[in-house]
Amino acid sequence: MAFENKFIQQRIEKAKLLKEAGFNPYSNESNRNTTIEKYLNVNSDIAEKENQRDENRHYCVSGRIKLLRIMGKASFLKIEDESGMLQVYVARDNLPEDFYNTIFKKNIEVGDIVEVNGYPFVTGKGELSIHATDFKLLTKAIAPLPEKFHGVTDKEIRYRKRYLDLIMNADVRKTFKIRSKVISLTRRFFEDKGFLEVETPMMHPIAGGANAKPFVTHHNALGIDRFLRIAPERYLKRLIVGGFEAVFEINRNFRNEGMDATHNPEFTSIEFYWAYKTYKDLIEITKEYFKYLFEHLNLPTVLPYGELEINFDNFTEVPLIKSLTTVGGVPAEVVNDKEKIVEFLKSKNLTVKPGMNLGQLQGELFDEFVEEKLVDPTFITEYPVEISPLARRSDDNPAITERFELFIAGREIANAFSELNDPVDQYERFKGQVDAKDAGDDEAHEMDEDFIDALSYGMAPAAGQGIGMDRLVMLLTNEHSIRDVLLFPAMKPVHNEEKTAEEE
RNA sequence: GUCUUGUUAGCUCAGCUGGUAGAGCACGUCACUUUUAAUGAUGUGGCCGAUGGUUCGAAUCCAUCACAGGACACCA
């Protein structure tokens, strides 16, 4: 049964009393004419005025009561709107007769959303406030807010009831404002570069574009299963075939995998594809993009991240093989020799899956010894072809691909390459994937004949990149769990006992 | 998936080697017209995550389960 909590009962009773007294506890007649932030700015001169007040200025502000101090015939409260917090001074004798004693003191409390008319003044302790000449309840909160000093810190409550987290924690609001700005700036950056924003299907007949398990849904009208997309890649490339030369999409991807500090089943990425460009151009535009973000977010280029300090002015490029020795400290004679790598990994007590090829082993070395050491932004380039099934081979060296991944604070932030546009080569690689799938790799790609068909008409040489927006926001806001940058992170449902009661 | 820690009042947390539950805030009542987590007095408030077990007796010990946090594994 809802509302059985005694505090809620008490407050429902107050709402009823207000109604009986002629005050609508859920009024929608709001007369607000300024935000708290504007109020504080416009009236910052009050301290210099005579008596530190100006009764000729009139404002109407609204907000939620966060603190309430009743002191006999006068009270102080702090109300908060989206823009900020304001102290309100309410005195019995400045309000209609009896209102203060019978309505305000008895039925107004922390959590309620109120409207205050009044004039600006500065208190004895020097705080710019509003002196109430009229006071009105807009919305009665029947659930009590968490404790005023500690707030709500329980992560489970914070994630499940994000609204409560947002009411109580200003820094959480700030994080999500930054997230919103990052998305908006990203959009603007690419638009200004001449990219076209597009929307491609979220429901795919064939899941592809990444190695991941998809969510499955069903289309009743057609009687067929659909897969929530794991990446938009193949549709964006079809658009390059169609003649759009620069496209991007900022949207959700869905992967049916585990959840942890850096994985949520749905996450946001930007993918962009750029005709007549190579991965080298992508390195340049990525640097520009970061510079643009930092300038427009007014962030210093050196940012703390937990124990680390990241210098976003210090982008470097290192070929993967070279990074193994220079960053990872792997002996030079080891890195290009299959047997020696296996021996080396074993000497470090690391298990090696049998049958790994040289490229895969080099990838192992990278994951074990290099990745976590890359703090400042580093483009790792020249990936072995064996671990880059979608990237174009280097013309100079067929063993490596024209690809990079960008690492910051030991994490992959972006993945990019010059795109494979040879339809026959692509067909062969899909076939290899299909064989792997038949052999039991349930994350291997499926044959996508429609995509091969598209490539057959000729896709201009192009380069494409994906950036994980959630992880990027984590870096910029010094957050260490993806749940702290998602407004409503995925949570297991709490067992609902009410159901069984209702069924009886 | 494995390991590990947690779950006690609306919130933040105590609760020793088992003896039927405590604080602060919030809420009720009283006092107080310049407070800053206001203050002082006083009172209400709990199926101690769920289910079993051990015991004369369980918030406490044991087992299972649920949810959450952390680490690792897997995955990009």
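Every chain is numbered from 1 and lettered A, B, ... according to where its sequence line falls, protein lines coming before strand lines. For the numbers below, each heavy atom of this structure counts, side chains included, while hydrogens, waters and symmetry mates do not.
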Any base atoms under 4.0 Å from R403(A), or only sugar-phosphate, or nothing? Heavy atoms, all strands. nothing
Atom CD of E257(A) to atom P of G1(B): distance rounded to whole Å? 14 Å
Distance below 4.0 Å between R69(A) side-chain N/O and A38(B) OP1 or OP2: yes
Would you call the rings of H131(A) and Y89(A) parallel, tilted or perpendicular, taking 30° and 60° as the class edges? perpendicular
C1' spacing across the pair G49(B) / A68(B), given as an integer number of angstrom: 11 Å
In terms of the angle between their ring planes, are Y235(A) and H204(A) parallel, tilted or perpendicular, with boundaries placed at 30° and 60°? tilted
Per K155(A) side chain, nearest of listed nucleotides A73(B), U34(B), G69(B): G69(B)
Base, sugar-phosphate or nothing for R471(A)? Non-hydrogen atoms, less than 4.0 Å. nothing
Kindly say if K14(A) contacts the phosphate of C27(B), meaning a side-chain N or O under 4.0 Å from OP1 or OP2. no
How long is the line joining CD of E368(A) and C1' of C72(B), in whole Å? 12 Å
K148(A) side chain N/O closer than 4.0 Å to the phosphate oxygens (OP1, OP2) of A26(B)? yes
Any donor-acceptor pair, under 3.5 Å, between the side chain of E371(A) and the base of A76(B), if you only look at N and O atoms? yes
Write down the distance separating the C1' atoms in C65(B) and G24(B), rounded off to the nearest Å. 34 Å
Can you classify the ring geometry of F190(A) versus F272(A) as parallel (below 30°), tilted (30 to 60°) or perpendicular (above 60°)? tilted
For the pair made of CZ in F121(A) and C1' in U33(B), what is the distance, rounded to whole Å? 11 Å
A71(B) versus C16(B) - spacing of their P atoms, nearest Å: 29 Å
Using the side-chain heavy atoms of E412(A), tell me which of these nucleotides is nearest: U34(B), C75(B), A76(B). A76(B)
Contact class for L67(A) vs. all strands (heavy atom < 4.0 Å): base, sugar-phosphate, or nothing? sugar-phosphate
Which of these, K14(A), K66(A), K136(A), R11(A), sits in a salt bridge (Lys or Arg N to Asp or Glu O under 4.0 Å) with D112(A)? R11(A)
Which nucleotide in U33(B), A68(B), U35(B) has an atom nearest any side-chain atom of M491(A): A68(B)
Tell me whether the side-chain N or O atoms of Y89(A) pair up with the base of U35(B) as donor and acceptor below 3.5 Å, since no angle test is needed here. no
Under 4.0 Å: is that the gap between some side-chain N or O of R160(A) and OP1 or OP2 of C67(B)? no
Do Y279(A) and T401(A) pair up side chain to side chain, a donor and an acceptor below 3.5 Å, judged on atom types alone? no
Let me know the distance between CD of Q9(A) and P of G45(B), rounded to the nearest Å. 16 Å
Which part of the nucleic acid, if any, lies within reach of D260(A) when heavy atoms closer than 4.0 Å are counted: base, sugar-phosphate only, or nothing? base
What I want to check is whether the side chains of T278(A) and E402(A) have a donor and an acceptor closer together than 3.5 Å. no
H480(A) atom NE2 is separated from G69(B) atom C1', nearest whole Å, by 15 Å
Give RNA chain B the dot-bracket treatment, 5' to 3': Watson-Crick (N1-N3 with N6-O4 or O6-N4) or G-U (N1-O2, O6-N3) under 3.5 Å, [ ] crossing, | other strand. (((((((..((((.....[..)))).(((((.......))))).....(((((..]....))))))))))))....
Under 4.0 Å, counting only non-hydrogen atoms across every strand here, what does R11(A) touch: a base, just sugar-phosphate, or nothing? nothing
Which nucleotide wins on minimum distance to the side chain of K106(A), given the candidates C30(B), C74(B), U35(B)? C30(B)
When only distance counts, do a donor and an acceptor, one from the side chain of S129(A) and one from the base of U34(B), lie under 3.5 Å apart? no
Validation row, ring centre Y383(A) to ring centre F417(A) under 6.0 Å: no
Any non-hydrogen side-chain atom of P384(A) less than 4.5 Å from a side-chain atom of L320(A)? yes
Please report, rounded to the nearest Å, how far the P atom of C27(B) is from the CD atom of E13(A). 17 Å
Starting at atom CG of D484(A), determine the distance to atom P of A68(B), rounded to an integer number of angstrom. 15 Å
Protein-proximity profile, nucleotides 5-15 of chain B, B/S/- by nucleotide at the 4.0 Å heavy-atom cutoff, equals -----BBSS--
Under 3.5 Å, is there a donor-acceptor pair between the S83(A) and E37(A) side chains? no
Nearest to the side chain of K492(A) - U34(B), A68(B), U35(B)? A68(B)
Can you find a side chain N or O atom of K105(A) that sits less than 4.0 Å from OP1 or OP2 on U33(B)? no
How far does the P atom of A9(B) sit from the matching atom of G15(B), given to the nearest Å? 15 Å
Of E405(A) and S481(A), the one whose closest nucleotide on RNA chain B sits nearer the 5' end is S481(A)
Taking the P atom in each of C3(B) and A76(B), what is the distance between them to the nearest angstrom? 25 Å
G43(B) versus G18(B) - spacing of their P atoms, nearest Å: 33 Å
Could you state the atom-to-atom distance from CG of N107(A) to P of C27(B) in whole Å? 13 Å
Heavy-atom nearest pair, P319(A) first then E382(A), reads CB-OE1, 3.6 Å
Please measure how far the C1' atom in U8(B) lies from the corresponding atom in U12(B), and state the result in whole Å. 12 Å
Does the base of U35(B) carry an N or O that pairs as donor and acceptor with the side chain of Q87(A) under 3.5 Å? yes
Can you tell me if the side-chain N/O atoms of K78(A) get under 4.0 Å from OP1 or OP2 in U35(B)? no
When rounded to the nearest Å, what value does the distance between P atoms of G10(B) and C48(B) take? 12 Å
Got a donor-acceptor contact below 3.5 angstrom from the K49(A) side chain to the D45(A) backbone? no
Tell me the closest heavy-atom pair linking Q52(A) and I46(A), and the distance in Å. O-CG2, 3.3 Å
N56(A)-H58(A) side chain donor-acceptor pair, cut-off 3.5 Å: no
Most 5' of E109(A) and R92(A) on RNA chain B, judged by nearest nucleotide: E109(A)
